[in-house]
Visitor: 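Structure in structure tokens, see below.
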Amino acid sequence: MPQLANQESRGFTHSFRITGAELASSGYLTSSQKTVALLPAGGIVTQAALFQTTASAGPSDLTVSVGTISGTATNLIASFDLDANTDKVKFNTGDALDTEPGLVNATTSALPIFAKFGGSVGSVTAGEWLVCLTILDPGAIASNV
């Protein structure tokens with residue numbers, strides 16, 4: 001996952017692009033999910049957004065969630081219905097971002113952040129989505145002071 005330069009980020013620090021061709025390809029997803037970022041030990045996610053840049057085509061049951069809980073991944077973006085979507089973006093809909101400062105990794109190791117897909121992903125013929133996150137890493141700042 002690329003870390004964005006300050007002039008590119010516009011408030012987000014990390015992004016991950018997913019295409020319909022990738023979703024439909026065998027082996028792209030593991031247990032219906034893809035790791036899109038790592039939240040460092042002591043790190044904080046303050047914002048999460050999912051943008052649909054190209055409309056999906058194929059199945060009529062395609063959903064995605066984003067989060068740190070393997071198998072559900074709903075604590076950052078909860079159940080975005082991609083094929084029925086009219087607003088093209090979901091922003092901070094998970095319960096972990098309802099309180100300040102956001103989703104905190106209070107463990108001593110990095111946590112994966114997943115995009116979890118539901119529906120007939122093998123039947124996707126078009127689509128492109130961008131997962132954007134603002135991840136703060138106080139540990140990295142402290143070591144550079």
Side-chain angles (χ1 to χ4, degrees), residues 1-107 109-141:
M1 174 170 170
Q3 186 164 349
L4 301 176
N6 197 28
Q7 68 273 15
E8 297 170 323
S9 66
R10 295 193 175 117
F12 295 108
T13 59
H14 295 75
S15 69
F16 190 88
R17 185 173 311 279
I18 301 165
T19 68
E22 290 168 332
L23 281 183
S25 68
S26 178
Y28 181 74
L29 299 177
T30 303
S31 299
S32 300
Q33 62 190 21
K34 183 75 175 172
T35 300
V36 297
L38 290 175
L39 179 57
I44 305 163
V45 177
T46 61
Q47 297 182 93
L50 183 73
F51 298 95
Q52 180 170 277
T53 58
T54 302
S56 64
S60 61
D61 62 349
L62 193 59
T63 62
V64 65
S65 297
V66 178
T68 58
I69 303 165
S70 181
T72 60
T74 59
N75 57 350
L76 298 173
I77 301 289
S79 299
F80 188 15
D81 188 343
L82 295 175
D83 51 89
N85 158 39
T86 56
D87 54 5
K88 309 294 183 224
V89 65
K90 288 292 179 187
F91 183 76
N92 289 1
T93 60
D95 60 2
L97 296 175
D98 288 344
T99 59
E100 291 294 333
L103 176 64
V104 178
N105 179 3
T107 71
S109 57
L111 290 176
I113 297 174
F114 304 102
K116 169 76 175 170
F117 289 86
S120 306
V121 294
S123 301
V124 176
T125 58
E128 184 174 275
W129 305 274
L130 188 62
V131 177
C132 295
L133 304 164
T134 300
I135 299 175
L136 306 179
D137 185 0
I141 295 169

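The chain is numbered in sequence order, starting from 1.
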Visitor: Under 3.5 Å, is there a donor on one side chain and an acceptor on the other for Thr19 and Glu128?
Guide: no
Visitor: Should Leu29 and Leu23 count as side-chain neighbours, where that means a heavy-atom distance under 4.5 Å?
Guide: yes
Visitor: Looking at every non-hydrogen atom in both residues, tell me the closest pair between Leu50 and Phe80 and how far apart they are.
Guide: CD2-CD2, 2.9 Å
Visitor: Does any non-hydrogen side-chain atom of Phe91 lie less than 4.5 Å from one of Gln47?
Guide: yes
Visitor: Evaluate the criterion side-chain hydrogen bond (donor to acceptor under 3.5 Å, both in side chains) for residue pair Ser120 and Asp61; output intermediate values, then yes/no.
Guide: CA-CA 7 Å; Ser120 306; Asp61 62 349; 3.2 Å; yes
Visitor: What pair of heavy atoms forms the shortest contact from Pro112 to Phe114, and how long is it?
Guide: CG-CZ, 3.5 Å
Visitor: To check you understand the geometry: which heavy-atom pair defines the closest contact between Leu130 and Ser15, and what is its length?
Guide: CD1-CB, 4.0 Å
Visitor: Using side chain to side chain contact (heavy atoms under 4.5 Å, CB included) as the criterion, point out the one residue from Val45, Asn75, Thr74 that pairs with Thr68.
Guide: Asn75
Visitor: How long is the straight-line distance from CD1 of Ile44 back to CG of Asp137, given to the nearest 0.5 Å?
Guide: 9.0 Å
Visitor: Both conditions, 6.0 Å and 45 degrees, for the charged tip of Lys88 above the ring of Phe51: are they met here?
Guide: no
Visitor: Working note: Gln33 + Ser70, criterion side chain to side chain contact (heavy atoms under 4.5 Å, CB included); need CA distance, chi angles, decisive distance, verdict.
Guide: CA-CA 8 Å; Gln33 62 190 21; Ser70 181; 2.8 Å; yes
Visitor: Work out which heavy atom in Phe117 is nearest to a heavy atom in Ile18; give both atom names and the distance.
Guide: CZ-CD1, 3.7 Å
Visitor: Could you walk me through whether Val124 and Glu22 pass the side chain to side chain contact (heavy atoms under 4.5 Å, CB included) test, one step at a time?
Guide: CA-CA 9 Å; Val124 176; Glu22 290 168 332; over 6 Å; no
Visitor: Hey, does Ile77 have a side-chain heavy atom less than 4.5 Å from the side chain of Val64?
Guide: no
Visitor: Hey, does the side chain of Thr93 reach the backbone of Lys90 with a donor-acceptor pair shorter than 3.5 angstrom?
Guide: no
Visitor: Got Leu39 and Ile135 here, is their nearest side-chain heavy-atom distance under 4.5 Å?
Guide: yes
Visitor: Just by distance, do the side chain of Asn105 and the backbone of Pro40 share a donor-acceptor pair under 3.5 Å?
Guide: yes
Visitor: Can you name the closest pair of heavy atoms from Pro138 and Gly42 and give their distance?
Guide: CD-O, 3.5 Å
Visitor: Indicate the atoms forming the closest heavy-atom contact of Leu62 with Ser56, along with that distance.
Guide: CD2-CB, 4.2 Å
Visitor: Under a 4.5 Å cut-off applied to non-hydrogen side-chain atoms, are Val121 and Pro59 in contact?
Guide: no
Visitor: For a 4.5 angstrom cut-off between non-hydrogen side-chain atoms, does Lys116 reach Thr63?
Guide: no
Visitor: For Ser79, is there any backbone N or O sitting under 3.5 Å from a side-chain donor or acceptor partner on Ser65?
Guide: yes
Visitor: Checking side chain to side chain contact (heavy atoms under 4.5 Å, CB included) between Ile113 and each of Val131, Thr35, Leu76, which is the one that passes?
Guide: Leu76
Visitor: A side-chain contact here means heavy atoms from C-beta on lying under 4.5 Å apart; do Tyr28 and Lys34 qualify?
Guide: yes
Visitor: For residues Leu111 and Leu38, determine if any side-chain heavy atom of one lies less than 4.5 Å from a side-chain heavy atom of the other.
Guide: no
